[in-house]
Each structure stands twice: as structure tokens, then as C-alpha cells.
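Chain naming here is simple, since letters A, B, ... match the order of the sequence lines and numbering starts at 1 in each.
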There are 2 protein chains.
Amino acid sequence: MAIRPAEQLIHKAAWLYYAHGLRQDQVASQLNISRASVAMYLRKARETGIVNISTSTQLFTDDVLARKLEDALHLDAVWIAPENDHIADPSTEIAVLAASVFLELVKKGDRIGVAWGRTVYMIADIMSYADLQDVTVAQLCGNLGAPYSYRPDQCTMEIARRLNAKGLNFYAPLVLSTEELARALRAEPVIREQLSGVGECDLALYSVGAVDADSHLVKCGALTPSEMAELRKQGAAGVIAGQIIDAGGKVLDCSYNRRVISAELASLRAIARRLMVVQEDSKFEPLLAAIAGGLCTHLVVGARMAQRLLDHAAATTEKAS
Amino acid sequence: MAIRPAEQLIHKAAWLYYAHGLRQDQVASQLNISRASVAMYLRKARETGIVNISTSTQLFTDDVLARKLEDALHLDAVWIAPENDHIADPSTEIAVLAASVFLELVKKGDRIGVAWGRTVYMIADIMSYADLQDVTVAQLCGNLGAPYSYRPDQCTMEIARRLNAKGLNFYAPLVLSTEELARALRAEPVIREQLSGVGECDLALYSVGAVDADSHLVKCGALTPSEMAELRKQGAAGVIAGQIIDAGGKVLDCSYNRRVISAELASLRAIARRLMVVQEDSKFEPLLAAIAGGLCTHLVVGARMAQRLLDHAAATTEKAS
DNA sequence: CACGGCTCTCGACAAAAGTCAAACTGGACA
DNA sequence: TGTCCAGTTTGACTTTTGTCGAGAGCCGTG
């Protein structure tokens with residue numbers, strides 16, 4: 001990890017330019033190189049996270065709607081991505097926002113737990129690089145050899161790479177074929193240690209999955225569409241870190257869940273900051289379930305979803321009174 | 001604290017430009033304003049800390065010398081500002097570095113204790129703005145009505161202003177004329193509360209003062225040159241947050257110290273991260289005393305001072321063996 | 001209602017930064 | 001030793017950004 005001479009130069013150029021406010025040609029003459037090289041070094045510095053340019057995400061919390069949602073759902077912070085007509089792709093907007101929010105929440109020395117899914121991977125993919133020292137990114141659930149790029153281990157590793165952090169992968173499959181095997185595996189020292197480490201995380205990043213044929217669990221072969229439909233009838237409302245939860249946000253009592261190797265919900269709740277990001281409007285019920293289960297303290301959603309959540313909360317309190 | 005419409009625009013422009021990577025003219029057409037206005041908004045955004053551009057200070061820790069110092073003095077981290085011939089003003093360089101380091105160490109929700117002095121004020125003055133929410137900057141010692149701009153309360157307030165944080169000033173003078181009065185004042189609920197709050201700080205920022213006629217304490221009239229000389233004879237080695245310490249880093253047993261209203265050294269040591277910045281080469285002995293007293297976990301110094309510290313440490317261990 | 005004083009905005013120009021093909025390095029290898 | 005290659009570095013060019021003075025709107029005031 002010793003700094004290579006080339007990197008030295010990048011650091012120096014970045015320092016002179018960004019911290020001292022010199023112009024590129026001044027930096028160039030200080031370092032005895034051409035201005036073009038300086039420009040190149042600076043680009044590298046930005047790309048690798050040697051310099052960090054971050055914009056405050058205040059704008060998205062200062063929304064009245066966001067404040068109301070925080071109150072109504074008892075969340076620590078809510079960010080709402082606008083979904084006007086002239087915004088090309090709301091779901092990308094949400095991911096960009098989520099990436100910014102995430103970077104704002106990460107601190108040096110943190111241990112971060114990440115789950116997986118299209119959303120999480122999209123955030124990882126969009127996220128800018130940062131040079132955080134002493135950060136660990138830990139996988140929250142077992143692996144699934146999916147034909148997609150967003151496998152659990154890939155989500156973890158990509159985020160670790162972006163933050164220049166240590167990636168901690170899970171050495172187990174997400175689902176096993178029998179409950180005994182899952183139990184036995186969970187008792188393995190390596191796995192047990194990893195699972196118990198979840199509660200020591202300072203920050204979690206995940207989304208919530210839908211309980212339908214489009215779910216990752218189905219796409220990746222962990223469950224068949226009919227099994228999924230059956231679970232739904234039994235009360236499945238959402239998927240968190242590979243586990244099925246009911247409308248109350250509790251682990252559903254079913255064979256599938258007993259065969260899963262993943263972080264216990266109690267461990268997740270022990271994480272101080274739990275950032276949940278939901279892109280799809282269709283994930284309304286799953287999100288409600290996750291919130292009911294206290295699985296989220298920080299929330300990033302689109303404007304439509306936010307409105308729906310607020311309407312629902314209002315209707316619920318009205319009914320109660 | 002509600003966002004004004006103008007600030008809304010600044011936020012939006014900053015977001016589109018920095019987070020989405022649009023060009024200024026694209027931002028301008030999105031927001032239906034001229035490109036010149038966008039440029040102006042972006043400057044404001046940078047100036048007010050809505051966007052944060054920070055460069056990693058790795059370069060200055062990755063120095064071999066820095067590593068050795070960390071080991072030799074048992075410090076958590078050391079940053080060394082270069083002092084080559086072509087660096088115009090080493091002391092400014094140290095302050096710039098210290099400001100960056102400081103911003104890197106601050107986290108949201110932190111409570112920060114700051115002492116005072118030329119160095120601290122210079123850091124505050126040089127420090128770029130940031131939009132940290134939920135940060136408190138607390139004054140570590142009583143006030144001194146000095147004919148300088150770097151009064152204790154001003155150091156505190158300026159840093160608070162830069163971070164967009166809450167400033168917590170001390171409602172007491174630094175030195176009183178009698179010990180009784182100091183004791184009585186320390187017992188006052190307001191003051192007592194403030195003093196006991198020091199230990200709850202997450203981060204401290206201070207320098208160490210010299211024990212000579214140039215000391216702030218003398219310049220500001222807290223002590224006469226001859227009193228200072230007398231204290232020196234009694235073993236005074238440095239000044240920390242307005243208090244005189246001996247070579248071992250302990251509070252010197254003297255009337256002056258008993259008349260001072262300031263954070264107890266034990267409270268200071270209870271702060272997890274203690275950033276000490278020393279600009280002047282002449283403050284070698286005071287710095288040694290501060291380090292001996294465990295008053296510093298993170299250190300920013302110039303190259304010459306670093307070398308001297310290391311030589312001293314080597315000599316000391318040699319003698320011991 | 002006309003008048004300064006004020007802020008905000010814009011167009012045009014100047015300055016700075018980004019980019020690219022070509023030249024140049026310093027090994028690795030035949 | 002020569003040649004090839006991958007990665008830098010550079011000068012020249014283009015694009016983007018910063019700035020400044022002029023003008024437009026907008027108060028409170030005489």
C-alpha cells in the first residue's frame with residue numbers, strides 16, 4: 001500500500017490545485033511538468049477519490065414532504081427524489097441520490113453491511129470513488145450464483161472497491177436445500193463469526209424485495225414462481241437480505257427462511273444507521289413491511305412513493321383515532 | 001432555517017452540476033437561467049459548503065517520517081507539512097494542512113472542543129466552509145478580552161460559522177484575580193455544566209503555547225512577563241487551553257492555574273480525538289510536554305519539528321537502554 | 001411617482017481547463 | 001543491440017468556465 005511515485009505526483013497536484021487553489025499552470029510549473037499532465041493527474045485524482053467532491057443532499061431532505069414522512073414514520077431522515085416530467089429516469093435519479101446519501105453517511109472506521117439486489121448494485125455502480133481508510137464492507141447474506149451482475153458478493157466487492165475499503169464476503173450460499181444443512185452451516189465458526197459480526201456494523205445499505213415472480217429470489221432460482229405465490233398466500237410481504245418478511249416486518253415462519261443463511265433481523269436492527277433505498281413504485285407493500293419491522297432509519301424514495309407512504313400513514317392514524 | 005428560494009436554486013444547480021456531471025450550459029437550460037448565473041451559483045455553493053471539495057491528506061501521513069513519529073510517540077496519526085526552500089510560508093502550509101485534517105476528522109453529530117490562539121484562529125480563518133448538520137463547537141476555556149482577533153470566543157464562533165454548526169461559548173473570563181472567585185465561579189451551574197461537557201466532546205482542536213514573553217497569556221495581560229519567567233523557573237513548560245503545564249504534561253501547581261477557568265486536562269484526555277497543531281519551531285519543549293501529558297492523539301507539525309521530535313525520541317530510548 | 005440604492009441577471013469577452021494525436025520514455029524480450 | 005509495447009508526456013487546439021460591466025427589476029423613501 002506504499003504510495004507509488006506516480007501517485008505521489010497525483011496527490012501533490014491535487015493538493016496544490018484543490019487545497020491551495022493554484023491554477024493548473026501554476027501547479028505545472030511547481031511540479032515541473034506540463035499543464036496537460038496536471039489536468040490528467042487531476043482527473044485521476046477525482047476518479048480515484050483522492051479528491052472528494054460531494055454535494056449536500058439537503059435539498060432532498062428539506063422538502064416539506066420529507067419532514068412529514070420523518071415524523072409520520074418515525075424515521076431519522078428521509079430523502080425524496082423528484083419525479084417531474086422532465087426528469088428522464090426517476091429510478092436512476094433515486095440511485096444517484098442514494099449514492100450521495102450513502103457517501104454522506106459513511107465515516108472513517110465504519111463497518112458497513114450491504115445486502116444485494118438490482119437497486120444496491122445500481123447504487124454501487126453509480127457511486128463515486130472515495131478514499132476512505134479503515135472501512136470494512138461486509139456482506140449481509142449468503143451468496144447466490146445468479147446469472148446477473150448483482151450477486152451478493154459483487155454488490156459487496158464493488159462498494160468496497162469504490163470506497164477503497166476492505167470487502168468481507170460471505171462464504172456460504174444464500175439458500176440450502178435442507179434445514180439441517182443450513183443449521184449446521186450456521187454453526188460453522190467461520191459463518192457464525194460473520195453472522196455475529198453483523199450487529200457490529202455501523203451502517204447498513206439495502207433495499208427491499210417484492211414477493212412476486214419478478215423477485216430476484218425467483219429470477220436467481222432460489223424459489224420457483226409457484227413457491228413464491230404460495231409464500232405470498234402465507235403472508236409474505238417483502239424480502240430483506242434474502243429473507244422473507246411478513247407485513248409486520250417479522251421473519252415469516254416458513255421452510256425457505258429456515259434454509260437461508262443471512263443476517264438475523266434483530267442483528268440488522270442493531271445497526272445504528274439503516275439506509276433503505278426503494279426505486280420501484282410497485283414495492284409499496286414490501287416497504288411498508290420493512291418499515292413496520294423497524295428495518296430502516298434512513299430512507300431514500302421517489303416522490304410518488306413518498307406521497308403514497310404519507311397518505312397511508314395519514315389514513316392509518318385517522319382510523320386509529 | 002427553511003431554505004430560501006435562491007438557496008433552492010443554488011442547491012439544484014450544484015446537484016445537477018456536481019452530482020449529475022452536467023455542463024454549466026446544460027444546467028442553465030434545465031433551470032431556465034443564463035449560464036453566467038449558473039457559474040455564480042456554483043461559486044456560492046462552493047463558498048458556503050453546499051458542495052465540499054476535499055483532498056485526501058494521505059500524502060502527508062504516508063511520509064516515512066510520519067510513520068516513525070506515530071510509533072515513537074504512540075500517536076494515532078501524524079501529518080507532516082513539508083518545509084522545502086520553495087515553499088513560501090511553512091506556517092501557512094501547516095495551517096492549511098491542519099484545516100484539511102480537521103475537516104477530515106469531523107463527523108456529523110460531533111461535539112468539538114476548541115481552544116484558542118494564533119494557530120487555532122489561523123486554521124479557522126483558512127478553513128473552507130462545510131455544511132455539517134448537527135455539529136456543536138464548544139469553547140474549551142474561559143474568555144480573555146484581548147486586543148487581538150483571536151480571542152477564545154472568536155476562535156469558537158468562527159469555526160462554528162465555517163462548519164455551519166452551533167457555537168457554544170463560555171460565559172466566564174479565563175483568569176480571575178482570586179482563587180476563591182475562580183472556585184465559586186466554577187461551582188456555578190452554567191459554568192459547571194459547560195466544564196463537564198468537555199469530556200463529551202468527540203474531537204478537540206488546539207495548539208500549545210510557549211512559556212515566554214511572547215505567550216498569548218502575556219500579550220493579553222493575563223500574566224506579566226516577570227510572572228511568566230517566575231513560572232518558568234517553577235517548571236512551566238507549556239500552555240494548554242490557558243493552563244500552564246509542566247514538562248510531564250501535568251497542571252503546574254501554581255496560583256495562576258488555580259485562578260483559571262478552563263477544561264481540566266483529564267477531561268481533555270477523555271476526548272477520543274485530540275488534534276494538536278504546532279506551527280512554530282520554537283514550541284519544541286511545550287509540544288514535548290503536551291505529548292508527555294497525553295494531550296494529543298493526532299498531530300500536525302512541520303518537517304523540521306517532526307525531525308526534532310524523532311531525534312529526541314531516539315535519544316531518549318537510547319539513554320533508557 | 002420619481003429617485004437612488006439594491007440585488008439579480010445577462011451577454012460578451014478573457015481565462016482556464018479538457019482533449020487528442022503525436023512524440024517520447026524506459027523496460028522486456030528476441 | 002534493436003525493436004516493440006505500454007504507459008507518459010507534451011504542444012496545439014477546442015471547449016468550458018469565470019468575470020465584469022451594463023441593464024433590468026424591485027423595493028422603501030422623499
Under the side chain to side chain donor-acceptor pair (under 3.5 Å) test, residues paired with [X] that sit two or more places apart:
X	answer
D153(B)	R151(B)
R67(A)	D62(A)
Y18(A)	R46(A)
D134(B)	none

In whole angstrom, what separates [X]'s [atom1] from [N]'s [atom2]?
X	N	atom1	atom2	answer
I10(B)	dT7(C)	CD1	P	15 Å
L31(B)	dT9(C)	CG	P	11 Å
E47(B)	dG18(D)	CD	C1'	13 Å
L16(B)	dT16(D)	CG	C1'	17 Å
L9(A)	dG7(D)	CG	P	18 Å

task = Go through the structure and list residues passing side chain to side chain contact (heavy atoms under 4.5 Å, CB included) with A81(A), not counting sequence neighbours.
result = E93(A), I94(A), L97(A)

ask   = When the ring planes of W79(A) and H298(A) are compared, do they come out parallel, tilted or perpendicular, using 30° and 60° as the limits?
value = parallel

message = Taking 4.0 Å as the cut-off, does a side-chain nitrogen or oxygen of S37(A) come that near to OP1 or OP2 on dT10(D)?
response = yes

inquiry  = Does dT8(D) have OP1 or OP2 under 4.0 Å away from a side-chain N or O of Y41(A)?
reply    = no

query = What string of B, S and - do you get for nucleotides 13-27 of chain C, 5' to 3', when a contact is any protein heavy atom under 4.0 Å?
reply = ---SBBB--------

